[in-house]
Amino acid sequence: MPELPEVETTARLIAPHITGRRVKAVDVHWERTLGGQSPRELEDGVVGARITRVWRRAKWVVIDLERRKRPAGHLLVHLRMTGRLIAKDKSLDPGPYVRVSMPLDRGVLHFIDVRKFGRFHYRADLAQVFAKLGPEPLGEDFTADWLRAALRARKRMLKPLLLDQGFVAGLGNIYVDEALHRSGLHPLRRADRVPAKAARRLHGEIQATLTEAIEREGSSFDKFYRTPEGQPGSYQHQFLVYGREDKPCRSCGRTIRKFVVGQRGTHVCTRCQPAPRSV
DNA sequence: CTATGGCCCTGGTTGC
DNA sequence: TGCAACCAGGGCCATA
């Protein structure tokens, strides 16, 4: 499900259910979900610890832990394509796709993931995992001036660059397509050929798109993404290009086209987003 | 530094 | 109807 708005929604909605709770155990049903960590290492890290905060960095859900009132590492969860976190009553059946269950002193946190790409593991500190991430697009480091300068320094195509978590952290395929359309920029445009004015526009549209999507609790267009409360998000109703191939552009009427960029489905209105002259 | 392709997985949709 | 190919919101890794 998982781009910044969906992960943010997950963290926000899960927080009130698990903050302050103590971890009683951890049951691993699919070991590779731990991403190379052993069940023992995960267990040693989390069992007996108390959850103090739930937040988000990039597309990671971060669960801070403490022991005896002192910081004691973090549980890191990445939803990848089909991951979900839900906090439930212990008696409720989490279904066949539960990969990790973490019983708490009240309730239980389940990590559910059909495609098994997701990750759920313990880290004593965050430095290593977060070392290569770019700025948060809704954070104070992500300014229009920063983006303008950063684009000028890169020769890559805009879309793959914006999808690169080391450049800006949290955007995914949907919101990049949406933000580029709203900015009037073609996904194949070379970053260093984006004029300063357009870079500012892109900055504003990235922030607006993400903010509006968070307000609507993310996007749901198939059975996969649901909030931890089980409700679908509603931002999919606002899509301007994503999933709208062969339909008319909402601003100019031209037919939305879909093609592949960097192995990702890419949606564009060629009138609103003129193709670059060379490549 | 940049681009490309394979891979990890399962299930739903599409096309013959 | 049956079935195989293809596709999907992510990201890592090897290769050129």
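Below, chains carry the letters A, B, ... as their sequence lines are ordered, and counting in each starts from 1.
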Whole-Å distance separating the CZ atom of Phe117(A) from the P atom of dC13(C): 15 Å
Of all the nucleotides listed (dC9(B), dT10(B), dG11(C)), which has the minimum atom distance to the side chain of His78(A)? dG11(C)
Could you go through Phe117(A) and Trp30(A), starting from their C-alpha distance and side-chain angles, then the distance that decides it, and tell me whether this counts as ring-ring contact (aromatic ring centres under 6.0 Å, His included)? CA-CA 11 Å; Phe117(A) 287 166; Trp30(A) 179 260; over 10 Å; no
What is the distance, to the nearest angstrom, from the CH2 atom on Trp30(A) to the C1' atom on dT10(B)? 11 Å
Heavy atoms from C-beta onward define the side chain here; which of dC7(C), dC9(B), dG11(B) lies closest to that of Arg115(A)? dC9(B)
Rounded distance (Å) that lies between atom P of dG11(C) and atom CZ of Arg32(A): 18 Å
Residue-phosphate contact under 4.0 Å: Lys116(A) side-chain N/O, dC8(B) OP1/OP2: no
Per Gln263(A) side chain, nearest of listed nucleotides dG6(B), dC8(B), dT10(B): dG6(B)
Which part of the nucleic acid, if any, lies within contact of Lys132(A), taking any heavy atom under 4.0 Å across all strands shown: a base, the sugar-phosphate backbone alone, or nothing? nothing
Can you check the Asp246(A) CG to dT14(B) P distance for me, whole Å? 13 Å
Any side-chain donor-acceptor pair under 3.5 Å between Ser91(A) and Asp89(A)? yes
What nucleotide among dA3(B), dG11(B), dT2(B) has an atom nearest to a side-chain atom of Met157(A)? dA3(B)
Could you give the CG-to-C1' distance, from Leu161(A) to dA3(B), as a whole number of Å? 13 Å
Under a 3.5 Å threshold, yes or no: a donor from one side chain and an acceptor from the other, between Arg254(A) and Thr270(A)? yes
Pick base, sugar-phosphate or nothing for Phe221(A), based on heavy-atom distances below 4.0 Å to the nucleic acid. base
Cluster overlap Leu79(A) with Tyr235(A), hydrophobic side-chain contacts below 4.5 Å: no
Protein-nucleotide distance (Leu79(A), atom CG; dC9(B), atom P), rounded to Å: 17 Å
Whole-Å distance between dA8(C) C1' and Phe239(A) CZ? 13 Å
For dG11(B), does OP1 or OP2 lie under 4.0 Å from any side-chain N or O of Tyr97(A)? yes
Please determine, for the side chain of Lys155(A), which listed nucleotide (dT2(B), dT10(B), dA8(C)) has the closest atom? dT2(B)
Side-chain donor-acceptor contact under 3.5 Å, Glu3(A) with Tyr225(A): no
With a 4.0 Å limit, can you tell me whether Lys258(A) has a side-chain N or O closer than that to the phosphate oxygens OP1/OP2 of dA8(C)? yes
Closest approach to the side chain of Gln165(A), judged atom by atom: which nucleotide of dG11(C), dT10(B), dC8(B) is it? dG11(C)
Do Arg156(A) side-chain and dA3(B) base share a donor-acceptor contact under 3.5 Å? no
Separation between the P atoms of dG5(B) and dC6(C), rounded to whole Å: 15 Å
